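Atoms within a ligand are numbered from 1 in the order they appear, just like the ligands themselves. The first residue in the sequence is number 1, and the count goes up from there. From a predicted model like this one, the values you see are computed outputs, not experimental measurements.
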Amino acid sequence: MKIVVTGGAGFIGSHLIRRLANEYPDYQVINLDKLTYAGNLANLKDVDQLPNYQFVRLDIVNLKEISHFFEIEQPDAVIHLAAESHVDRSIEDPLAFINTNLVGTANLLLSAKNTWKSKMEGKLFFHISTDEVFGSLELGKNTFFTENTSYDPKSPYSASKAGSDHLVRAFHHTYGLPIVISNCSNNYGPYQFPEKLIPLFINNILHQKSLPVYGAGINVRDWLYVEDHASAIDTIFHKGNRGTTYAIGGNNEWKNIDLIRLLCQLMDDKLGREKGSSEELISFVTDRAGHDLRYAIDSGKIMTELNWKPSLDFEEGLSKTIDWYLDNKEWLEEVTSGAYMEYYNKYYKDRG
Ligand code: NAD
Ligand code: TYD
């Protein structure tokens, strides 16, 4: 089976590729990635040399190149993760999100449809989406997003992801394209770009820089360790019912400020700093525009139907994550300095 993973040089994509290439030596895994600021081939150093892994640098917004790639490669499946993924950037530059997340997804759908038209059987377009498409839940209520929750996106990021989910369903309904969609909660773990809350704050604590908490820090997110998301994707890919949706979460809600305080305590401990010193870096700043209050997922469907469950509890996952960043300061340094951008040139030079 030939699988194209889009966005494989990013955070979640690199964990998924590592899992697929190692656990399924019979599969050919192609990483299709543009290498935006969020794509980093250093995330896949340990996978590079595997005979069943290949990297192709392409922009999903370029229909001509994408359709040519599909014609040549004739993939059996696409797992689509390539996206602009950071809410704050979507507030600054919404068009980049419309282009990649909407137009890019449409280009992949069209290319898959045109390539598979004579034989859709056994093919799959697996779209990786977010729980943010459902909007925002009230604080302090026992309510959860499920597969049946109505779409109500609030940020340019979530609106562009919601639009892409609709396109995927429309291609299934109209052309019979075999699809599945997953909507996952916030991920954390190794190789996450230090613009998202957890890696940004780990990096700032390490360098004793200020920790900018938006608003009062009362917003709630449901955190899932990235390898558990990769295992959920693997499970859905192999066993999920085609034409349907799966909601994936960690059943692990944290108010931002509580999470940040825990992170500070763990880091003080690991860095041998005086208790409470990292918390002094906390600075409450102007709230994010349109900041969603609360996300929480009911993962009942994937747990009962496909027997999936998260493997790590949060304190263990967070501790493991901090250890990874502390053990990989060079990765962090290359990413924060921009030096990682050179990795692509080196990648090709090393291969002649
Ligand atoms: P990321 O920002 O770390 O990586 C995105 C990857 O996509 C990068 O490698 C980037 O180079 C690539 N890319 C961007 N634009 C491209 C283009 N035009 N053509 C080809 N490649 C392009 O993102 P992530 O956090 O790993 O998220 C991956 C997917 O999972 C996204 O679709 C996101 O919406 C979804 N998701 C993320 C989370 C989360 O917490 N991070 C939660 C749920 C769902
Ligand atoms: P983020 O990691 O950007 O994920 P998302 O916005 O997709 O949930 O942010 C997680 C939460 O942390 C969110 O409520 C916004 C908040 N946050 C801060 O308070 N300060 C920051 O510097 C960042 C990046 C996020």
Visitor: What are the atoms of ligand 1, with element, lying closer than 4.0 Å to any heavy atom of S185?
Guide: 42 (C), 43 (C)

Visitor: Is it the case that the ring center of F126 lies less than 6.0 angstrom away from the ring center of H80?
Guide: no

Visitor: Where on N99 is there a heavy atom closer than 4.0 Å to ligand 1, on the side chain, on the backbone, on both, or on neither?
Guide: neither

Visitor: Do me a favour and list the nearest non-hydrogen protein atom to atom 10 (C) of ligand 1 with residue, atom name and distance?
Guide: T36 OG1, 3.3 Å

Visitor: Of Y191, Y340, W331, which meets side chain to side chain donor-acceptor pair (under 3.5 Å) against N43?
Guide: W331

Visitor: Check each atom of ligand 1 against the heavy atoms of L58 and keep those under 4.0 Å away; list them by number with element.
Guide: 19 (N), 20 (C)

Visitor: Using a strict cut-off of 4.0 Å, indicate which atoms of ligand 1 neighbour a heavy atom of D59.
Guide: 17 (C), 18 (N), 19 (N)

Visitor: Once side chain to side chain contact (heavy atoms under 4.5 Å, CB included) is applied, do any residues pair with T36, and if so which ones, sequence neighbours excluded?
Guide: K34, A38, E84

Visitor: Contact between ligand 1 and T6 is defined here as a heavy atom of the residue under 4.0 Å from a ligand atom; is it met?
Guide: no

Visitor: What are the two closest non-hydrogen atoms of I205 and L281, and how far apart are they?
Guide: CA-CD1, 4.0 Å

Visitor: What protein heavy atom sits nearest atom 2 (O) of ligand 1, and how far away is it?
Guide: S85 OG, 2.7 Å

Visitor: State yes or no: are the ring centers of H238 and Y24 separated by less than 6.0 Å?
Guide: yes

Visitor: Kindly say whether the aromatic ring centers of Y225 and F314 come within a distance under 6.0 Å.
Guide: no

Visitor: Below 4.0 angstrom from a heavy atom of L35, which ligand 1 atoms are there? Numbered from 1 as shown, please.
Guide: 11 (O)

Visitor: Evaluate the criterion side-chain hydrogen bond (donor to acceptor under 3.5 Å, both in side chains) for residue pair N252 and W254; output intermediate values, then yes/no.
Guide: CA-CA 7 Å; N252 177 43; W254 282 80; 2.8 Å; yes

Visitor: Looking only at N/O atoms, are V61 and ligand 1 under 3.5 Å apart anywhere?
Guide: no

Visitor: So between A83, G13, G7, whose heavy atom ends up nearest atom 5 (C) of ligand 1?
Guide: A83

Visitor: For atom NZ of K309, decide whether the heavy atoms of other residues, nucleotides or ligands shown that lie under 6.0 angstrom number more than 12.
Guide: no

Visitor: Quick one: does N183's side chain have a donor or acceptor within less than 3.5 Å of a partner on S129's backbone?
Guide: no

Visitor: Which residue and non-hydrogen atom of the protein lie closest to atom 4 (O) of ligand 1, and at what distance in Å?
Guide: G10 CA, 3.4 Å

Visitor: Short N/O distance, under 3.5 Å, between I60 and ligand 1?
Guide: yes

Visitor: At less than 3.5 Å, what protein N or O atoms come close to the N or O atoms of ligand 2? Include the distances to 0.1 Å.
Guide:
{"from": "ligand 2", "atom 1": "2 (O)", "to": "L197", "atom 2": "N", "distance (Å)": "2.9"}
{"from": "ligand 2", "atom 1": "3 (O)", "to": "H86", "atom 2": "NE2", "distance (Å)": "3.3"}
{"from": "ligand 2", "atom 1": "3 (O)", "to": "R288", "atom 2": "NH2", "distance (Å)": "3.0"}
{"from": "ligand 2", "atom 1": "4 (O)", "to": "N186", "atom 2": "ND2", "distance (Å)": "3.4"}
{"from": "ligand 2", "atom 1": "6 (O)", "to": "R288", "atom 2": "NH1", "distance (Å)": "2.5"}
{"from": "ligand 2", "atom 1": "6 (O)", "to": "R288", "atom 2": "NH2", "distance (Å)": "3.2"}
{"from": "ligand 2", "atom 1": "7 (O)", "to": "E132", "atom 2": "OE2", "distance (Å)": "2.6"}
{"from": "ligand 2", "atom 1": "8 (O)", "to": "N186", "atom 2": "ND2", "distance (Å)": "2.9"}
{"from": "ligand 2", "atom 1": "8 (O)", "to": "R221", "atom 2": "NE", "distance (Å)": "2.7"}
{"from": "ligand 2", "atom 1": "12 (O)", "to": "N256", "atom 2": "ND2", "distance (Å)": "3.4"}
{"from": "ligand 2", "atom 1": "14 (O)", "to": "R221", "atom 2": "NH2", "distance (Å)": "3.3"}
{"from": "ligand 2", "atom 1": "14 (O)", "to": "N256", "atom 2": "ND2", "distance (Å)": "2.9"}
{"from": "ligand 2", "atom 1": "14 (O)", "to": "H291", "atom 2": "NE2", "distance (Å)": "2.7"}
{"from": "ligand 2", "atom 1": "19 (O)", "to": "Y214", "atom 2": "N", "distance (Å)": "2.9"}
{"from": "ligand 2", "atom 1": "20 (N)", "to": "P212", "atom 2": "O", "distance (Å)": "2.8"}
{"from": "ligand 2", "atom 1": "22 (O)", "to": "P212", "atom 2": "O", "distance (Å)": "3.4"}

Visitor: Taking the six-membered ring for Trp and the single ring otherwise, decide whether the centroids of W308 and Y246 are under 6.0 Å apart.
Guide: no

Visitor: Considering N183, L224, I128 one by one, which has a heavy atom nearer to atom 35 (C) of ligand 1 than any of the others?
Guide: I128

Visitor: Which heavy atom of the protein is the closest neighbour of atom 40 (O) of ligand 1, given with residue, atom name and distance?
Guide: N187 N, 2.8 Å

Visitor: Show the atoms of ligand 1 that are less than 4.0 angstrom away from any heavy atom in S129.
Guide: 43 (C), 44 (C)

Visitor: For residues 195-214, which residue pairs qualify under side chain to side chain donor-acceptor pair (under 3.5 Å), counting only residues two or more places apart or in two chains?
Guide: Y37-E195, S85-K196, H86-E195, D88-Y214, R89-E195, N203-H207

Visitor: Provide the closest heavy-atom pair for P178 versus H172 in the form atom of the first, atom of the second, distance.
Guide: CA-ND1, 4.5 Å

Visitor: Which of these, T100, I198, L81, T105, has its nearest heavy atom closest to atom 16 (C) of ligand 1?
Guide: T100

Visitor: Cationic tip of R242 within the cone over F125's six-membered ring, i.e. under 6.0 Å and within 45° of the normal?
Guide: no

Visitor: As an exercise, identify every atom of ligand 1 less than 4.0 angstrom from a heavy atom of C184.
Guide: 42 (C), 43 (C)

Visitor: Is D33 close to ligand 1, meaning an N/O of one under 3.5 Å from an N/O of the other?
Guide: yes

Visitor: Run the numbers for me: atoms of ligand 1, each under 4.0 Å from some heavy atom of N186, listed by number.
Guide: 40 (O)

Visitor: Run D292 and S155 through side chain to side chain contact (heavy atoms under 4.5 Å, CB included) and show every step you take.
Guide: CA-CA 8 Å; D292 286 343; S155 73; 5.5 Å; no

Visitor: Please identify which atoms of ligand 1 are closer than 4.0 Å to at least one heavy atom of K34.
Guide: 16 (C), 17 (C), 18 (N), 19 (N), 20 (C), 21 (N), 22 (C)

Visitor: Between K161 and ligand 1, which part of the residue brings a heavy atom under 4.0 Å of the ligand: side chain, backbone, both or neither?
Guide: side chain

Visitor: To the closest 0.5 Å, what do you measure between OG1 (T235) and CZ (F237)?
Guide: 12.0 Å

Visitor: Which residue and non-hydrogen atom of the protein lie closest to atom 25 (O) of ligand 1, and at what distance in Å?
Guide: F11 CD2, 3.7 Å

Visitor: At under 4.0 Å between heavy atoms, which part of Y157 makes contact with ligand 1: side chain, backbone, both or neither?
Guide: side chain

Visitor: Polar-atom distance check: L32 versus ligand 1, any N or O pair below 3.5 Å?
Guide: no

Visitor: For residues T105 and H127, is any side-chain donor paired with an opposing acceptor at under 3.5 Å?
Guide: no

Visitor: Using side chain to side chain contact (heavy atoms under 4.5 Å, CB included) as the criterion, list what pairs up with P75, not counting sequence neighbours.
Guide: V4, F70, E73

Visitor: Looking only at protein heavy atoms, which one is nearest to atom 27 (O) of ligand 1, and what is the separation?
Guide: I12 CD1, 3.7 Å

Visitor: To the nearest 0.5 Å, tell me how far R221 CZ sits from S185 OG.
Guide: 10.5 Å

